[in-house]
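Proteins come first, then strands; the chains are lettered A, B, ... in the order of their sequence lines, and each starts at number 1. Small disclaimer: the values here were computed from a predicted structure and weren't measured.
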2 protein chains.
Amino acid sequence: MDLSERQKKLLAAIIERYIATGEPVGSKTLVDALGMPVSPATVRNEMAALTAKGLLEQPHTSAGRIPSGAGYRYYVDHLMKQYDLSPVEKRILDAKLRTASGDSRQVLETAGNLLAEMTRCAAVSTTPSDAAAVVRRVELVPIGARTAMVVVLTSSGIIKSRVCRTDAEITVDMAETFYNIVNDNFLGKPTAAMTVAKIQTLAVSLGEKTLQMTPLLVTLAQLAATTEHTQMLLEGQSNLLGYREYAQNAFELMDFLRHAEPLDRVFSEAPHSADGKPSVVIGKENPYRELQNSSMIFGKYAIAGHESGTIGLIGPTRMDYARLIPSLQYLTEIVGKILSDSVEE
Amino acid sequence: MDLSERQKKLLAAIIERYIATGEPVGSKTLVDALGMPVSPATVRNEMAALTAKGLLEQPHTSAGRIPSGAGYRYYVDHLMKQYDLSPVEKRILDAKLRTASGDSRQVLETAGNLLAEMTRCAAVSTTPSDAAAVVRRVELVPIGARTAMVVVLTSSGIIKSRVCRTDAEITVDMAETFYNIVNDNFLGKPTAAMTVAKIQTLAVSLGEKTLQMTPLLVTLAQLAATTEHTQMLLEGQSNLLGYREYAQNAFELMDFLRHAEPLDRVFSEAPHSADGKPSVVIGKENPYRELQNSSMIFGKYAIAGHESGTIGLIGPTRMDYARLIPSLQYLTEIVGKILSDSVEE
DNA sequence: GTTAGCACTCTAAACACTCGAGTGCTAATT
DNA sequence: AATTAGCACTCGAGTGTTTAGAGTGCTAAC
């Protein structure tokens with residue numbers, strides 16, 4: 001698909017104007033607003049050509065043009081000039097995220113909130129996960145006579161903890177047995193191996209002594225499960241209501257977003273550029289019907305060098321790609337950096 | 001306000017029908033649907049009487065009646081027959097909540113989700129808090145050479161933890177100093193006393209040795225802060241989009257809900273019945289304009305006997321009070337019970 | 001006290017009409 | 001050969017009018 005220089009300029013102008021206003025762009029408006037050194041008629045001819053190539057669409061005969069999916073795609077791939085965040089904005093983001101640091105979920109939550117606020121889109125993110133992770137450390141923190149906190153640390157730096165209540169009192173002896181069981185059976189093994197089933201067979205084979213501590217072990221298994229099963233976080237969905245294009249089917253989309261599971265699949269199925277650049281999925285390119293008049297931008301964040309989770313944006317197809325892509329990219333970077341901090345080098 | 005038996009019956013019928021259909025109820029429809037042993041004309045007379053008393057309203061002269069705020073209020077206070085959850089439903093709720101147990105936030109989140117799902121309303125909840133809480137225990141869990149997890153337990157049973165990274169290596173000696181500082185200064189004191197400012201003056205007075213551990217102490221202060229500042233959780237806001245009455249101003253309401261702070265105030269300001277029954281705020285009774293065509297039902301849950309947080313429902317004024325009130329009540333009870341489990345007796 | 005009957009009211013839907021932004025084509029201009 | 005002015009045409013959004021129907025209030029009869 002080759003376009004003349006003028007066509008490129010025009011296409012970019014049309015798309016940018018449509019993104020800004022949300023209304024079909026007509027030839028006259030375009031010439032007036034952009035001060036192009038040509039007449040509306042010329043512009044009309046070019047627009048007809050671009051329409052023929054499938055880059056523009058006409059809602060009806062006597063309306064202006066709006067970009068087609070292919071139009072956006074061409075724009076994103078070839079025309080768009082990305083607008084990076086200013087150093088000041090970056091510093092503000094940094095600061096806000098740092099204060100949330102500590103719990104990965106909280107970092108992602110604030111990241112999502114910031115992103116939603118900045119972009120007026122819905123922000124989605126998945127908590128870190130690493131299927132190949134290995135159990136690196138388990139700790140039992142006494143809280144009360146019959147309550148303890150179980151802490152798991154994996155090789156990929158994920159830390160999870162949960163409070164657990166046992167039927168019997170937790171003695172030093174019992175804690176020791178717990179550590180022994182853990183050391184013998186789970187340390188250095190993949191988290192996936194630490195299942196409830198495995199623990200039950202273990203409890204049987206070890207006999208009476210372990211009976212009182214099954215709650216502890218079960219909690220451990222549950223924690224292991226959460227390190228694998230990634231959670232989805234969704235922020236700022238209400239932003240979408242501000243856009244004309246969602247006036248009718250807002251409910252459908254929101255309902256879709258609320259059921260995290262398919263979204264999770266969207267991310268893993270979608271093509272993602274290898275080089276750390278965010279991926280863009282535009283309108284109909286999307287496999288799910290509910291998302292076909294939306295676009296998504298998403299990128300992976302890496303903890304200690306491993307791609308661990310995704311942060312994404314969902315908004316109308318006429319989103320401001322030129323600004324949002326760099327914003328998202330910066331955020332994935334900084335989130336990765338912050339989350340890596342809790343992993344030992 | 002005294003009504004005849006027939007008027008009561010009629011009012012209840014009108015409200016219930018309006019709740020179900022969302023459309024103004026006319027005299028004929030009412031007689032047909034309810035098989036009342038009177039004619040539409042009689043019903044009309046009674047309706048006129050109820051309108052005169054301010055319990056019903058007419059959108060326009062030739063439409064049916066809809067309940068007024070006062071009408072709902074009368075219904076909720078005097079007419080409504082509450083529908084409890086069935087034992088089966090209760091058991092299902094129980095089970096689902098139990099699996100989330102461990103982290104109070106997670107319990108509330110699932111509770112909110114379940115509530116939203118069941119009621120098709122938005123569910124709000126606040127994490128437990130207790131201003132009078134005292135620091136009962138602090139633990140430092142080693143994670144790596146320079147990473148540790150700080151755990152705080154308060155007298156009201158709130159447990160919070162966060163991972164912290166220090167500049168220097170964490171030695172046994174250092175941990176001991178940390179415990180000493182904590183024991184001497186914070187244990188048994190209110191969480192509110194454990195502020196960053198306090199910690200800084202402390203660090204100065206104790207000199208060099210504590211310098212390396214300020215990150216740990218700061219984390220501690222942050223944790224203390226989170227035990228006081230309650231968080232708001234909001235689930236199922238998209239449910240609201242399903243109702244006709246929110247067609248236009250959905251955005252306004254959602255935006256209001258998203259900014260948790262005022263909602264927090266709503267809960268604390270609103271009158272709450274003393275006896276553990278949920279409170280109901282109907283339409284215009286609400287102090288905030290954005291909520292004035294919504295109703296709220298909310299109740300407090302208690303951890304170990306102390307009222308600790310709120311769970312609430314927000315929906316259109318024509319919500320199904322008869323079912324939602326008992327559902328909410330049951331949920332506050334069970335959430336309180338589950339959260340109390342992690343507190344020692 | 002209840003009910004049938006009837007005139008009255010108001011909304012929502014259907015329809016006709018106008019206005020204007022925008023188009024595509026053709027012929028003139030550079 | 002590319003550009004542009006001119007012009008007839010299209011279509012949607014907005015406006016006024018009409019009509020059907022649901023629902024009401026009132027009166028007089030039961």
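To the nearest 0.5 Å, atom CG of residue Asn239(B) and atom OG1 of residue Thr119(B) are 6.5 Å apart.
Applying the salt bridge (Lys or Arg N to Asp or Glu O under 4.0 Å) test to residues at least two apart or on different chains, none of the pairs has a partner in residues 110-120 of chain A. For residues 38-56 of chain A, the set of pairs meeting the salt bridge (Lys or Arg N to Asp or Glu O under 4.0 Å) definition, not counting sequence neighbours, comprises Arg6(A)-Glu46(A). Residue pairs that meet the salt bridge (Lys or Arg N to Asp or Glu O under 4.0 Å) test with at least one member in residues 64-73 of chain A, sequence neighbours left out, are Arg73(A)-Asp77(A), Arg73(A)-Glu285(A).
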Below 3.5 Å is the cut-off: list the nitrogen or oxygen pairs between protein and nucleotides 14-20 of chain D, distance only.
none

Which protein N or O atoms sit under 3.5 Å from an N or O of nucleotides 12-14 of chain C?
none

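Whole-Å rounding puts the Leu10(A) CG to dT3(D) P distance at 12 Å. To the nearest angstrom, C1' of dT4(D) lies 12 Å from CZ of Arg6(A). Atom pair Glu5(B):CD and dG1(C):P shows a separation of 17 Å (rounding to whole Å applied). Atom CD of Glu46(B) and atom P of dG1(C) are 11 Å apart (whole Å). Rounded to an integer number of Å, the gap from Arg17(A) CZ to dA21(C) C1' is 14 Å.
Asn293(A) is not listed as a side-chain neighbour of Asn286(A), based on a closest heavy-atom distance of 4.5 Å or more. Residues Tyr74(B) and Leu79(B) are in side-chain contact: their nearest non-hydrogen atoms beyond the backbone lie under 4.5 Å apart.
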Where along nucleotides 22-30 of chain D does protein come under 4.0 Å, by heavy atom, of base (B) or sugar-phosphate alone (S), with - for untouched nucleotides? BSBB-----

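Using a 4.0 Å cut-off between charged side-chain N and carboxylate O, Lys81(A) and Glu16(A) make no salt bridge.
The backbone N or O of Thr310(B) lies less than 3.5 Å from a partner atom in the side chain of Thr126(B), making a donor-acceptor pair. Side-chain atoms of Ser68(A) come within 3.5 Å of backbone atoms of Leu55(A) as a donor-acceptor pair (strictly under, hydrogens ignored). A distance-only check finds no donor-acceptor pair linking the side chain of Ser125(B) to the backbone of Gly112(B) [under 3.5 Å]. No side-chain donor-acceptor contact under 3.5 Å links Thr29(B) to the backbone of Val25(B).
Distances shown here put every side-chain N or O of Thr42(B) at or beyond 4.0 Å from the OP1 or OP2 atom of dT2(C).
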